[in-house]
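In what follows, a single structure is set out as structure tokens and then discussed.
Letters A, B, ... mirror the listed sequences (proteins, then strands); counts begin at 1.
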There are 2 protein chains.
Amino acid sequence: MVTARDVAKRAGVSQATVSYVMSGSRPISEATKKRVRKAMDELGYVPNINARSLAGGKVGVIGVLVHMDENTDLAELRPFLVVIMEEARKRGSSVMLVPADEGIEGLCRMVRQGVVDGVLVFDVEWHDERLPEIARLDIPVVLVGTPENAHGLPCVDVDYRRVAQMAVNRLAERGAQRMVLVGDWGRSLDRYAFAKFFASESRVVAQVLGMEYEIFIPREKGWRGIWAMKDELKRMAQCHGGIAVRTPHALDSLLQLCVEMQIQPGRDFSLVAVYVDGHDEELRVPVDNVDPVPQSVSKAAMGLLFDRIDGHKTGERLLVSPHITIRS
Amino acid sequence: MVTARDVAKRAGVSQATVSYVMSGSRPISEATKKRVRKAMDELGYVPNINARSLAGGKVGVIGVLVHMDENTDLAELRPFLVVIMEEARKRGSSVMLVPADEGIEGLCRMVRQGVVDGVLVFDVEWHDERLPEIARLDIPVVLVGTPENAHGLPCVDVDYRRVAQMAVNRLAERGAQRMVLVGDWGRSLDRYAFAKFFASESRVVAQVLGMEYEIFIPREKGWRGIWAMKDELKRMAQCHGGIAVRTPHALDSLLQLCVEMQIQPGRDFSLVAVYVDGHDEELRVPVDNVDPVPQSVSKAAMGLLFDRIDGHKTGERLLVSPHITIRS
DNA sequence: CTGTTAGCGCGTTCAG
DNA sequence: CTGAACGCGCTAACAG
């Protein structure tokens, strides 16, 4: 293993100088900097992360706390993860997945072991019992999502109110007098802020616009849950109502149901769904969508996290604007 | 931070003794062991991973090299990841995702930095140019997949030949005289061993059983690619042929096409798909499936990896048996 | 501007 | 069976 001492020897400086060249925490003359850099290159030097962290430096690892059980859809996590890893790499860090299913002991252990510089917390619930403990951890943390009480932790989320507004407005534009919101199986509306406020805000907007408003929560997982919407769908087709779908899975099933019932979204009723741009390629028909911009959300979250890690206490709360695409 | 020295002080022993109690690398009397353990619990002691690794121990981190770009389906990775993290946790390790899209420099850096004890390599291609370099890394590595030349690295994979045999046999059982293999968009058949051998072996089996054999590779992503099978599907319904589908995505689209064309799988033609048990809940109709048992594969891979990490050089190659479920 | 030195927390000798 | 002492590679405070 090539150590900093080897580099120092080769560059004819002290080992500490090598360290300062890397961290920049002390002014070093251009000449020596260049010599040291050259020596590093020639020897293929890579600083040992463990030694660095032991001596009080950064580890270069970001922890990402996520659910990983059978019911979670890792596909939804993908756009977040892609950006997170990209941003991490830009700053010379790596990403570590921390499963959240067995409580946060794992997280606590990792933090106390000194494996991570900071943590991004996903799947933050509206009433999230983990937060007090996480807040006590005393390392940089950013929540992705919105809890009722953040316990002083910074949050980043998509502006769920605007998501709802955009969706409902679109249905109204298309002339719907009546709308149904299709939720997600197995998750109570009150569990996550996004679902909660999407529902409440869309109800408000619908009311303001004089639309009838209904919520449909599938009682079963997958296709069967949506199948139960059959009658509702027929009704929507008769009155040319509007349907707002909150998850890609539900949308897929709904579209299948439409084919089966020979009902055509866009013609027989209006349809808006919340899904990430790009998912439309999987769809058989164009469906207007509000993109919850996971890329922007995670980018913002990483920005905040690295600010914290670097010692700057910046903003506490960030709401990212979604955007809508008309495809029908 | 609670250190081993603190524990030692409280237990009335030396720091070294604490270390020995943990590693078991030297016999310690039951009495002192108990005292030390108690002190650890009372203080909430967690050994510092960085110090441990610096002193020559393990880091407790497993790297997982995966593709993370727009085209990869993270959902397919989930069953693997779930088991990997479970197995890692059982052995007191954590899991680190290493993106493979920008080459393996990232991996090399991490290994030399000493961040990981071992690496699991996913998305191993048949001709994989990364392998020589990975082999030179000189840390425990296990490949998940099958390359033409493993460069001495151990591999774990599902027995793709048996997958093909099971699928084709099932179609034959159902009386199909003609079969079509539906592949995956955007990936050449020769890129991954699984696709390659699934195709070649199913062709062989079909031939032996006297079936006509055809391969269909979608030319476009998502729904549109499968749409092009329209005529073929009609033909299959006429002669009651069989279709074997290699990916869940293609299966979903195919089922939609069936609804649209009022063709019923199981009645009008026979259908077998490769998908993980559990995905059937998302399906509108029951479809026989060969489960490529990602759980078993990753469990085996982790077993091999930890053997390597612990210094035992065990088996070089492991093929895990798939299993078929008749649902129609 | 640079060199010297003292730890960081743990594993592992070597004396007892 | 135990305890003191050394060193892993690096950062940061202290001296020039």
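Within the structure, a side-chain polar atom (N or O) of A:S19 is placed less than 4.0 Å from OP1 or OP2 of D:dT11. At least one side-chain nitrogen or oxygen of B:T32 sits closer than 4.0 Å to the OP1 or OP2 atom of D:dT2. Neither OP1 nor OP2 of D:dC1 sits under 4.0 Å from any side-chain N or O of B:T17. Taking 4.0 angstrom as the limit, B:Y45 places a side-chain polar atom (N or O) nearer than this to OP1 or OP2 of C:dC10. Distances shorter than 4.0 Å separate none of the side-chain N or O atoms of A:R52 from OP1 or OP2 on D:dG9.
For the atom pair CD1 of B:I62 and CD of B:E87, the computed distance is 11.0 Å after rounding to the nearest 0.5 Å.
Rounded to an integer number of Å, the gap from A:K33 NZ to C:dC1 C1' is 12 Å.
Projected onto DNA chain D by closest heavy-atom contact, B:Y20 and A:R5 fall at different nucleotides, the more 5' of which corresponds to B:Y20.
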Steps toward salt bridge (charged side-chain N to carboxylate O under 4.0 Å, His left out) verdict (A:E76, B:R78): CA-CA 12 Å; A:E76 277 184 48; B:R78 196 193 60 175; over 6 Å; no

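In summary, A:E133 and A:R130 do not engage in a salt bridge, as defined by a charged side-chain N under 4.0 Å from a carboxylate O.
Between the two ends of the helix from C:dC1-D:dG16 to C:dG16-D:dC1, each summarised by a five-pair axis, the helix axis turns through 40° (rounded to 10 degrees).
When distances are taken from the side chain of A:M22 to each of D:dT11, C:dC10, D:dG9, the shortest belongs to D:dT11.
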